[in-house]
Amino acid sequence: MRIFDPHIHMSSRTTDDYEAMYAAGVRALVEPAFWLGQPRTSVGSYTDYFDALIGWERFRAAQFGIRHHCTIALNPKEANDPRCREVLDVLPRYLAKDGVVAVGEVGYDSMTKEEDEVFSQQLAMALDHDLPVMVHTPHRDKLEGTKRTLDVVREAGIAPERVIVDHLNEVTVKLVKDSGAWMGFSIYPDTKMDEHRMVEILRQYGLEKMIVNSAADWGRSDPLKTAKTGQAMLDGGFTDADVDKVLWQNPVAFYDQSGRLTLDPLPGFTGEAETFEGNSVLRGARK
C-alpha cells in the first residue's frame, strides 16, 4: 500500500510518527498552513512558520523517506483577528516557492464578514499564481458553510476541478460532488469521519475525486488513519487498485495541477512511487 497523505500537520508531530508513517506506506504528504492553537499576535510569527514549512519541515520529512509539500494561506479562524490581516500582504512571495502546491487552508470557521473578505482575496491569489485551492469547511453549521463555500468559489471564477473541499461528511458530500470539486475527508479517532463510514461513502459515491486524509495535528489524532482506511477498504471488498486510486492516484492528480510535486524516492530510500507509470510526475519533479 502506497500512501500520499494530502492533509497532515507534521509540524505538530514527532519523528516517531514519521517512522511509523513510512513503515505504513506513506511516501508523500501535504502540510496545510493552519492555526497554531493559540492566537498569533504578529505577522512575524506567520513568516517564521511559513519559512519552517518550506524549509525545515521538508528537510525533517526527507530524513524519513517522505516527500513533504505544503499549502500556504491565512487560515479561516485567524481571518477574524485584525492583527493577522497584514499576512495577506506577504502571502504572494510564499505562494511562488517550490513545494507550495496550493493555497490553503482557506474558507470558513464562523462564517463572518471578515472571513468572507479573506476567503475571496485568497481565491484571487490562487488565480494569480495558477494554484489549486484547499478549502476548510466549518465545524459548526457545516451544511450551510459548505453551500456558501461553493457559492464563493463559483463567484471567484475558479474551475471546480482545481478546488478540494475538505472535512466533508455524509451530509455535505453530495453537494460537493455535484459541484465538480474534489471531495476531502478527514479521518479522526473521535470526530469528523472514521474509516468505516468512509468505506460506506466510497460505496455510495464511487472513487472519483475522493481524497482521504488524516489531518493529524496537535490534538487527539492519528497519522496512520489513511493506512487504516485503506485496510478498511480491503476488508470491505475493495481491491488493491481501488485503494491505490484513493490513497495515491487521486491526491497526486489533484496536487499535480500545481506543477510542483516531487515524488521520486529520496536518496537512500526505495519506494513504490518510482514503479508507477500512470503519471509522469512520479518520475521526478516537474519544472
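We use all heavy atoms of the structure for the numbers below, so side chains are in, but hydrogens, waters and symmetry mates are not.
Residue pairs meeting the salt bridge (Lys or Arg N to Asp or Glu O under 4.0 Å) criterion with at least one member in residues 154-169, sequence neighbours excluded: Asp130-Arg162, Asp151-Arg154. Applying the salt bridge (Lys or Arg N to Asp or Glu O under 4.0 Å) test to residues at least two apart or on different chains, none of the pairs has a partner in residues 119-129. Pairs passing the ring pair (Phe, Tyr, Trp, His ring centres under 6.0 Å) check and including a residue from residues 170-215, sequence neighbours excluded, read Trp182-Phe254.
The minimum heavy-atom distance between Ala73 and Val106, with the atom names listed, is CB-CG1, 3.7 Å. Summarising the geometry of Ala216 relative to Ser221, their closest heavy-atom pair is CA-OG, 3.5 Å, with the distance given to 0.1 Å. Taking each heavy atom of Ile8 and Leu29 in turn, the nearest pair found is CG2-CB, 3.9 Å. The two atoms that bring Ala79 and Leu74 nearest to each other are CA-CD2, 4.2 Å, heavy atoms only. Closest heavy-atom contact between Pro223 and Arg13: CD-NH2, 3.3 Å. Nearest heavy atoms, Leu95 versus Val103: CD2-CG2, 3.9 Å.
The existence of a salt bridge linking Asp264 and Arg67 is confirmed by a sub-4.0 Å separation between a basic side-chain nitrogen and an acidic carboxylate oxygen. Ion pairing of Glu115 with Lys77 is absent here, as no side-chain N (NZ or NE/NH1/NH2) approaches a carboxylate O to less than 4.0 Å. One finds no salt bridge joining Glu200 and Arg197 here, because no Lys/Arg side-chain nitrogen approaches an Asp/Glu carboxylate oxygen to under 4.0 Å. Salt-bridge annotation for Asp109 and Arg140: present, with a side-chain N of the basic residue lying under 4.0 Å from a carboxylate O of the acidic one. Of the charged side-chain nitrogens involved, none lies within less than 4.0 Å of a carboxylate oxygen, so that Asp98 and Arg260 do not count as a salt-bridged pair. Taking the charged nitrogens against the carboxylate oxygens, Glu117 and Lys113 do have a contact shorter than 4.0 Å, which makes a salt bridge. Ion pairing between Arg148 and Asp116 holds under the 4.0 Å rule for side-chain N and carboxylate O. Comment: Glu114 does not engage Arg85 in a salt bridge, judged by the lack of any side-chain N to carboxylate O separation of less than 4.0 angstrom.
Counting only heavy atoms from C-beta outward, the side chains of Lys228 and Ile187 never approach each other to under 4.5 Å. At least one side-chain heavy atom of Leu88 sits less than 4.5 Å from a side-chain heavy atom of Val118. Residues Ile66 and Arg27 have side chains not in contact (no heavy-atom distance under 4.5 Å, counting atoms from C-beta outward). Side-chain contact between Ile158 and Leu123: present, with at least one pair of heavy atoms (C-beta onward) separated by less than 4.5 Å. Proximity of Met193 to Ile201: side-chain heavy atoms (C-beta onward) are separated by under 4.5 Å at one or more points. Inter-residue side-chain proximity for Asp242 and Met233 is flagged as met; some heavy-atom pair is nearer than 4.5 Å. The shortest distance between side-chain heavy atoms of Asp141 and Met111 falls below 4.5 Å. Considering only heavy atoms from C-beta on, Val133 stays 4.5 Å or farther from Val153 through its side chain.
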>> If you apply the rule side chain to side chain donor-acceptor pair (under 3.5 Å), what do you find for Glu31 with Ser11, and how did you get there?
In response: CA-CA 8 Å; Glu31 178 163 2; Ser11 297; 2.8 Å; yes
>> Walk me through whether Glu208 and Lys245 qualify under salt bridge (Lys or Arg N to Asp or Glu O under 4.0 Å).
In response: CA-CA 8 Å; Glu208 293 301 319; Lys245 180 171 181 61; 3.3 Å; yes
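Aromatic ring centres of Phe50 and Tyr46 lie closer together than 6.0 Å. For Phe269 and Tyr22, the ring centers sit closer than 6.0 Å to each other.
Note that CG of Asn75 is 9.5 Å distant from CG of Asn80, once rounded to the nearest 0.5 Å. A distance of 11.5 Å separates CG of Asp240 from CZ of Arg2, quoted to the nearest 0.5 Å. If you take OG1 on Thr15 and CE on Met21, they are separated by 12.0 Å, rounding to the nearest 0.5 Å. Atom OG1 of Thr229 is separated from atom CG of Leu234 by 11.0 Å, given to the nearest 0.5 angstrom. If you take CG on Asp194 and CG on Asp222, they are separated by 12.0 Å, rounding to the nearest 0.5 Å.
Under the ring-ring contact (aromatic ring centres under 6.0 Å, His included) criterion, His68 pairs with no residue at all, not counting sequence neighbours. Legend: residues meeting side-chain hydrogen bond (donor to acceptor under 3.5 Å, both in side chains) with Arg93, ordered by chain and number and at least two apart, are absent. Every residue two or more places apart in sequence or in another chain that forms a side-chain contact (heavy atoms from CB on, under 4.5 Å) with Thr172 is listed here: Lys142, Leu143, Thr146, Leu168, Asn169.
Aromatic ring orientation, His7 versus His9: perpendicular (interplanar angle above 60°, classes split at 30° and 60°). Aromatic ring pairs are classed by plane angle as parallel below 30°, tilted from 30° to 60° and perpendicular above 60°; the pair Trp56 and Phe59 is tilted. Aromatic ring pairs are classed by plane angle as parallel below 30°, tilted from 30° to 60° and perpendicular above 60°; the pair His167 and His136 is perpendicular. The aromatic rings of Phe119 and Tyr108 sit perpendicular to each other, their planes meeting at more than 60°, with 30° as the lower class boundary. Trp218 and Phe34 have parallel rings, their planes meeting at less than 30° on a 0 to 90° scale where 60° marks the start of perpendicular.
A donor-acceptor contact closer than 3.5 angstrom is absent between the side chains of Ser12 and Asp217.
Linking Ile, Leu, Val, Met, Phe, Trp and Tyr residues whenever their side-chain heavy atoms come within less than 4.5 Å leaves Leu36 and Val43 in two separate clusters.
A donor-acceptor pair under 3.5 Å links the side-chain atoms of Ser179 to the main chain of Ala181, judged by distance alone.
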